[in-house]
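When a ligand or atom number is given, it counts from 1 through the structure's own listing order.
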Amino acid sequence: MRQKARKSFYVLFIFLNGLTSSGQVAHNEMPADKKATRETTALYRNLKKLLSEGIMFGHQDDLAYGVGWKYEPGRSDIKDVTGDYPAVYGFELGRLEVDKPVNLDSVPFDKMKSFIRDAYDRGGVITLSWHLNNPLTGQTAWDPAAGTVAAILPGGEKNDLYKTWLDKVAAFMLDLKGKQGEYIPIIFRPFHELNGDWFWWGGKNCTPAELKQLYQFTESYLRDKKNVHNLLYAYNTDKFYSTEEYVKKYPGDDWVDVIGFDIYQANNTASNEDFIKYSRDMLAKLDSIATEHKKIPALTEFGYNGLKDSLWWTKTFLKAMGPYKISYALAWRNAGFRNADQYEFYAPYRGQASANDFVEFYKNEKTLFQKDVEGKKLYE
Ligand code: BMA
């Protein structure tokens, strides 16, 4: 009797554990790629678990350059300011498809691979975006020529070309290996900001059906044809105003692991309140969508270029994040100054106006950096 009672309790436990909609994570939950490697599956489950612990801070191109420096081994603007590295690292694949040795922001792909290995060795999380050129016109990602998506789908005149581009992405992903020869898991974020009109895959430049098909084609080509099994897939929009708008081009739960959006604050302090309001509106919606679809919510890109408000991190950004569960928030790149009026940086650097406040933000219990995640063993 006792034995039996214990057994049915155990069955009930397994059952409840499998039901989880929030909080607890089922041990058998799998990412979109059912053949994902052990480390990739572990990352997926750990990202879900970590949702209840805080927001991982991420930074694009963090190890490659910062304001006033380039390619100094081990350097990072985040480390210069806090003494610690980010928990998440973003890198960008644009121009890999056309065999350039450097990406569209001049980062050499071979260096990028070694930064990715460093980040992984430290237990950090890596996400890759891809501002791929327009395969129909040969221009940049920002060339919204009509018919581009249709042209690269199966049966389209540029499908073969597009497949050669995916071959290069696959080769890149399969060249990312850890010390034991295991593939390094990557959160791949293709076709980002897909509700905006500025990229050829975005907004009115293709139909929802075309984008969904492109997303699915891309994923199944990498996964099933090229045997790439170290990817989690991120779906992301720009600013959005309704759940309906958010899911309009969603390819389906079987194809997506992470859902997010990108948001930038206009370049003046008067916009702080707007940033807080819009972020919270969108995060509330994202939170419900993530719960309903059992996906990992993230702020896939954010920034306030120039960070002129010395208290922006604690008084605006933390408020904007509200009470929502967010896996990570990725600040965009610290490209630096072209001249006094032309600059691009979204994270502080040593001596920058918001640097002291960023240290407070770093100390806040809600934010997670390298030292907070390394012990979590996200890949086990
Ligand atoms: C944009 C800017 C550009 C950059 C592009 C791709 O938002 O940062 O300078 O080339 O992203 O990384």
- Query: Is a salt bridge present between Glu301 and Arg189, judged by a nitrogen-to-oxygen distance below 4.0 Å?
  - Reply: yes
- Task: Could you tell me whether Lys179 and Asp121 have a side-chain N and a carboxylate O separated by less than 4.0 Å?
- Result: yes
- Query: Donor-acceptor pair, Ser271 side chain versus Asp274 backbone, under 3.5 Å?
  - Reply: no
- Quick one: list whatever passes ring-ring contact (aromatic ring centres under 6.0 Å, His included) with Phe91, sequence neighbours left out. none
Indicate every side-chain donor-acceptor pair of residues 65-77 with a distance under 3.5 Å to a residue at least two apart or in another chain.
unit_1, atom_1, unit_2, atom_2, d
Tyr65, OH, Asp61, OD2, 2.5
Tyr65, OH, Arg333, NH1, 2.8
Trp69, NE1, Asp77, OD1, 2.7
Tyr71, OH, Ser106, O, 3.2
Glu72, OE1, Arg75, NH1, 3.2
Glu72, OE2, Arg75, NH1, 3.3
Arg75, NE, Asp80, OD2, 2.8
Arg75, NH2, Asp80, OD2, 2.9
Ser76, OG, Asp62, OD1, 3.3
Ser76, OG, Asp62, OD2, 2.7
Ser76, OG, Ile78, N, 3.1
Ser76, OG, Lys79, N, 3.0
Asp77, OD2, Val67, N, 2.9
Asp77, OD2, Asn334, ND2, 2.9

Anything under 3.5 Å between a donor and an acceptor, one on a side chain of residues 150-164, the other on a protein residue two or more places apart or in another chain? List them.
unit_1, atom_1, unit_2, atom_2, d
Asn159, ND2, Ile152, O, 2.7
Tyr162, OH, Thr218, OG1, 2.7
Thr164, OG1, Leu161, O, 2.5

Quick check on ligand 1: any N or O pairs to the protein under 3.5 Å? One line per pair.
unit_1, atom_1, unit_2, atom_2, d
ligand 1, 7 (O), Trp332, NE1, 3.3
ligand 1, 8 (O), Trp332, NE1, 2.9
ligand 1, 8 (O), Arg333, NE, 3.0
ligand 1, 8 (O), Glu344, OE1, 3.4
ligand 1, 8 (O), Glu344, OE2, 2.4
ligand 1, 9 (O), Arg333, NH2, 2.8
ligand 1, 9 (O), Glu344, OE1, 3.0
ligand 1, 10 (O), Asp105, OD1, 2.5
ligand 1, 11 (O), Trp332, NE1, 3.3
ligand 1, 12 (O), Asp105, OD2, 2.6

